[in-house]
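First the structure, in the form of structure tokens, and then the observations on it.
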Amino acid sequence: MEYAIIAAGEGSRLKEEGHTLPKPLLPLFGIPMIERLIGIFASQYAKRIHIIVNSQSQELIDFLQEHDFKVPIVLYVKDTESSLHSLYELVKVNPQWNAICVTTTDTVFSERDFIDYLNAFTYHPRVDAYMGVTSFVDDESPLYVGVNEYMEVEIFADSNTGEMTHVSGGIYGLRRKALDCVADSVASGNTRMRNYQRYLLEQQLEVRAHRFGKIVDVDHLKDRDAAEVFLAEIGEKPIQY
């Protein structure tokens, strides 16, 4: 299993609210969000962690190059137009990958839930894509996920029909067939991660969802506050080295 973090966004909404550092360096209990993710991945025996950042985030680049995370960081500096294009760049230079867990940098979840997710992904080796979902909806533009009784994904929707109780949490487990679809999805004109997920269904791949108790998407300073409250409620704080 490879691990990757997409951290190439601009974090424009946080900048408008006065956060001057790159978004991945926004602290939770004093520890940058990206360091928390690295710590969680490292605790699950990651041999290395692939991270893609944009060229304008020099403070982030310096942090990742100079900090000792006790696990190798493979850093990619590339300006991309979307999370999907960031994923495309990662997959393009790593054709040997057979399975990867990739997250966005601003997703905050329980470490215990993540361990359950990884175990379930491993337990279902024939599933092409395993998506982390949550019933906690507090996103400006949520992607609703419609599933059947077996948690097989039937639809990804921009709006809720009234029957969907889960939204995407920015956590993706991808195997070879799903990874092969990344380039094809981009070539077909898709420019958003959610359209790539729809493309997986169009290609009739087996896509399943895994419930997390709660996932907080951090786009604003108020989301940082909500994430810290959530972590305090479940008795978790960012891993420190």
Side-chain angles (χ1 to χ4, degrees), residues 1-6 8 37 40-41 44-52 74 76 80 82-105 107 109 113-135 142-158 163-212 215 217:
M1 175 78 74
E2 297 285 347
Y3 293 84
I5 301 172
I6 294 174
L37 279 175
I40 290 175
F41 289 173
Q44 297 310 302
Y45 312 105
K47 294 181 179 179
R48 67 192 69 83
I49 300 173
H50 305 264
I51 303 177
I52 183 168
V74 184
Y76 308 80
T80 61
S82 72
S83 294
L84 174 57
H85 287 82
S86 292
L87 178 60
Y88 167 75
E89 294 296 334
L90 290 172
V91 173
K92 181 175 65 174
V93 296
N94 291 285
Q96 76 281 4
W97 283 351
N98 287 313
I100 183 171
C101 175
V102 56
T103 75
T104 53
T105 192
T107 181
F109 46 79
D113 282 351
F114 184 68
I115 292 171
D116 290 343
Y117 165 81
L118 287 180
N119 288 337
F121 184 39
T122 302
Y123 183 75
H124 294 93
R126 295 188 178 182
V127 173
D128 299 307
Y130 209 60
M131 308 302 190
V133 300
T134 178
S135 58
L143 176 64
Y144 291 91
V145 184
V147 299
N148 62 21
E149 60 183 309
Y150 304 107
M151 293 300 287
E152 296 169 336
V153 177
E154 297 180 328
I155 187 174
F156 292 104
D158 293 328
E163 299 178 354
M164 289 179 281
T165 59
H166 297 91
V167 296
S168 175
I171 304 163
Y172 315 97
L174 306 173
R175 290 195 169 93
R176 187 66 260 165
K177 288 183 180 179
L179 292 171
D180 288 341
C181 284
V182 174
D184 293 339
S185 178
V186 170
S188 71
N190 288 333
T191 59
R192 303 184 69 186
M193 188 70 83
R194 61 184 56 194
N195 292 331
Y196 161 68
Q197 293 179 76
R198 293 186 178 106
Y199 185 80
L200 297 177
L201 296 180
E202 293 170 4
Q203 299 304 304
Q204 300 184 336
L205 269 62
E206 184 170 351
V207 183
R208 291 198 186 189
H210 180 90
R211 294 187 186 94
F212 281 65
I215 300 174
D217 179 50

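For clarity, every value in this text was computed on a predicted model and none was experimentally measured. Excluded from the calculations below are hydrogen atoms, water molecules and symmetry mates; all remaining heavy atoms, backbone and side chain alike, are included.
- In this structure, the side chain of Ser82 engages the main chain of Thr191 through a donor-acceptor pair within 3.5 Å.
- In this structure, the side chain of Thr134 does not engage the main chain of Gly169 through any donor-acceptor pair within 3.5 Å.
- When all heavy atoms of Thr103 and Thr107 are compared, the closest pair comes out as CB-CG2, 3.9 Å.
- With a 6.0 Å cutoff to the six-membered ring centre and a 45° limit on the axis angle, Arg194 does not count as a cation-pi contact of Tyr144.
- With sequence neighbours left out, Arg192 forms a salt bridge (Lys or Arg N to Asp or Glu O under 4.0 Å) with no residue at all.
- With values rounded to the nearest 0.5 angstrom, Leu87 atom CG is found 11.5 Å from Thr104 atom OG1.
- The CD atom of Gln96 lies 8.5 Å from the CG atom of Asn98; values are rounded to the nearest 0.5 Å.
- Between Pro142 and the options Asp158, Asp217, Val167, a side-chain contact (heavy atoms from CB on, under 4.5 Å) holds for only Val167.
- Arg208 places no side-chain N or O within donor-acceptor distance of the main-chain N or O of Val153, the cut-off being under 3.5 Å.
- With contacts defined as side-chain heavy-atom distances shorter than 4.5 Å, the pair Phe114/Leu37 does not qualify.
- Ser188 contributes a side-chain N or O that, together with a main-chain N or O of Ser185, makes up a donor-acceptor pair within less than 3.5 Å.
- Every pair passing ring-ring contact (aromatic ring centres under 6.0 Å, His included) that includes a residue from residues 185-212 is listed here, sequence neighbours excluded: Phe109-Phe212, Tyr117-His210, Tyr117-Phe212, Tyr130-His210, His210-Phe212.
- Judged by distance alone, the side chains of Thr80 and Ser86 do bring a donor and an acceptor atom under 3.5 Å apart.
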